[in-house]
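To start, the structure under review is shown below, and the notes come after it.
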Protein chains: 2
Amino acid sequence: MVDAQAQVRPGGRSAKVRAAVHHAVAQLLAEEPAEALTIPAVAARAGVHPTTVYRRWGSPAQLLGDVATSRFSGDVVVPDTGTLTGDLERWLGDVATDLADPDTLALMRAAIGSGPDGGCACIGDRHEQLSAIIERERSRGGRAPEMENAVDFLLGPLYYRAIFSAQPASSDWARELVATFLAAPATASAGEQPAGGLRPSTVELQGPASG
Amino acid sequence: MVDAQAQVRPGGRSAKVRAAVHHAVAQLLAEEPAEALTIPAVAARAGVHPTTVYRRWGSPAQLLGDVATSRFSGDVVVPDTGTLTGDLERWLGDVATDLADPDTLALMRAAIGSGPDGGCACIGDRHEQLSAIIERERSRGGRAPEMENAVDFLLGPLYYRAIFSAQPASSDWARELVATFLAAPATASAGEQPAGGLRPSTVELQGPASG
DNA sequence: AAATTATCGCACTGATCGTTGCGTTAGTGG
DNA sequence: CCACTAACGCAACGATCAGTGCGATAATTT
């Protein structure tokens with residue numbers, strides 16, 4: 001990562017340039033396909049000299065990774081509603097709302113296709129947040145689903161729709177997804193077994209569209 | 001799509017050039033990041049003149065779309081094991097095996113980030129195949145899950161892991177995913193309600209890795 | 001407040017990309 | 001077997017990109 005902002009000189013000018021470049025990247029991705037994201041184009045949009053972008057970020061891939069990391073960090077907070085269901089519904093709803101923005105979606109799609117770490121920059125925080133929600137529920141003494149399952153059946157469907165569907169999932173759909181995931185009867189015998197399951201027949205799972 | 005092969009002159013030379021270019025694209029994507037997929041690079045690898053690639057495909061995005069469409073069509077066949085569980089397990093296992101190939105994965109990641117239709121070329125056939133499996137089960141008189149749910153809870157986790165996880169899901173994991181999805185007790189009262197659910201607590205869902 | 005130094009803008013150069021016109025090759029049909 | 005034409009290779013051109021050295025600016029430190 002470049003992250004020159006926090007390294008040595010976080011002064012006003014560097015920060016302003018960084019913000020302008022980030023904004024330009026998001027703007028360009030929203031307008032044109034990802035392949036049009038060249039350094040000169042970004043620099044021109046940001047009102048910055050191309051040399052600056054070349055020196056600070058090097059390649060479009062690194063620039064994209066930096067923007068994605070910055071954009072997908074801190075924009076969604078972990079709620080504390082008092083219950084696992086409430087936390088998950090609110091959090092996944094916020095994530096879905098975030099992904100519903102076409103600009104954000106374009107950024108994520110572009111980040112997936114470029115860079116060595118793929119789109120990992122887009123979901124790094126999500127896993128930590130989800131893990132925090134599950135951990136909190138366990139600290140309350142409640143039964144929480146396994147992290148593996150929560151990722152597979154909450155983030156999986158949501159991001160699948162976001163990536164491959166023309167119309168991404170809505171916040172309401174995400175909340176219903178949480179309800180569906182948690183609504184399955186705990187077939188486990190021991191109380192140690194985590195809750196969380198799915199009964200797709202009783203809950204209306206019709207999202208906005210699936211492509 | 002260009003698809004010049006089936007349009008006017010499917011002669012030996014055109015087909016050979018097309019195959020060479022497709023192979024070169026897959027090869028380059030497996031070696032270098034997607035941004036290095038330039039027309040001259042592809043042409044040089046394929047042993048073809050760049051002008052040819054420019055004329056037939058125009059842009060790297062269209063070329064990628066053509067390659068993805070070709071690669072993700074026909075490589076997985078819809079099985080007929082006699083049961084819904086068997087069909088789904090075999091089919092999703094095949095899909096997972098296909099996605100486990102790093103070259104295929106790189107192609108899909110690149111296809112997502114480029115082109116107007118995103119990665120739709122990667123999953124167009126998958127939805128039709130899954131729908132065919134469900135339809136067949138219903139024609140047998142059995143209860144099959146809703147297409148929406150099957151996509152969300154089978155393709156969703158599988159593709160999520162493939163895209164965002166360093167180590168994609170294995171064929172065995174995919175089969176367990178099917179078993180888990182279908183294993184939930186049919187909480188519906190009427191027989192008309194589709195089967196398919198999830199009880200993550202009783203089935204080991206540990207995949208190879210999740211990042 | 002002055003010195004220091006990281007960062008940016010500018011001008012310049014080489015390299016690669018994208019495109020076009022034209023001749024050649026090789027499938028297709030009579 | 002011969003005419004026809006689609007597809008390819010070749011060469012050349014302009015345009016854009018990628019990279020470098022140097023001076024100017026501004027944030028940081030003393």
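Predicted model, so just to flag it, every value in this text is computed and none were measured. Hydrogens, waters and symmetry mates are skipped; everything else that's a heavy atom, side chains included, is used. Just so it is clear: chains get the letters A, B, ... in the order the sequence lines come, proteins before strands, and each one is counted from 1.
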Check: A:Ser171 and A:Asp94 side chains under 4.5 Å, non-hydrogen atoms: no

Taking only the side-chain nitrogens and oxygens of A:Arg56, find out if one of them lies under 4.0 Å from OP1 or OP2 of C:dA6. no

Taking atom CZ of B:Arg90 as the centre, report whether more than 12 heavy atoms of other residues, nucleotides or ligands fall under 6.0 Å from it. no

What's the shortest heavy-atom distance between A:Met108 and A:Ala162, and which atoms? CE-CB, 4.4 Å

Are the aromatic rings of A:Tyr160 and B:Tyr160 close, with centres under 6.0 Å apart? no

Between A:Thr52 and C:dG9, is there a contact of a side-chain N or O with OP1 or OP2 at under 4.0 Å? yes

Under 4.0 Å protein heavy-atom contacts per nucleotide of nucleotides 18-23 of chain D, with B for base, S for backbone only and - for none: B-BBB-

For atom CD of B:Glu35 and atom P of C:dT16, their distance in whole Å: 16 Å

If every non-hydrogen atom of B:Arg140 is compared with every non-hydrogen atom of B:Leu84, which pair is closest and at what distance? NH1-N, 3.8 Å

Without decimals, in angstroms, what is the distance between B:Lys16 NZ and D:dG9 P? 11 Å

Counterpart residues, salt bridge (charged side-chain N to carboxylate O under 4.0 Å, His left out), relative to A:Glu31 (two or more places apart): A:Arg45

Give the minimum heavy-atom separation between A:Asp125 and A:Phe72, together with the two atoms involved. CB-O, 3.6 Å

To the nearest angstrom, the CH2-C1' distance between A:Trp57 and C:dT7 comes to 11 Å

Is it true that A:Thr52 and A:Arg56 share a donor-acceptor pair across their side chains at a distance under 3.5 Å? no

For the helix from C:dA1-D:dT30 to C:dG30-D:dC1, what is the angle between the axes at its two ends, each from 5 pairs, rounded to 10°? 50°

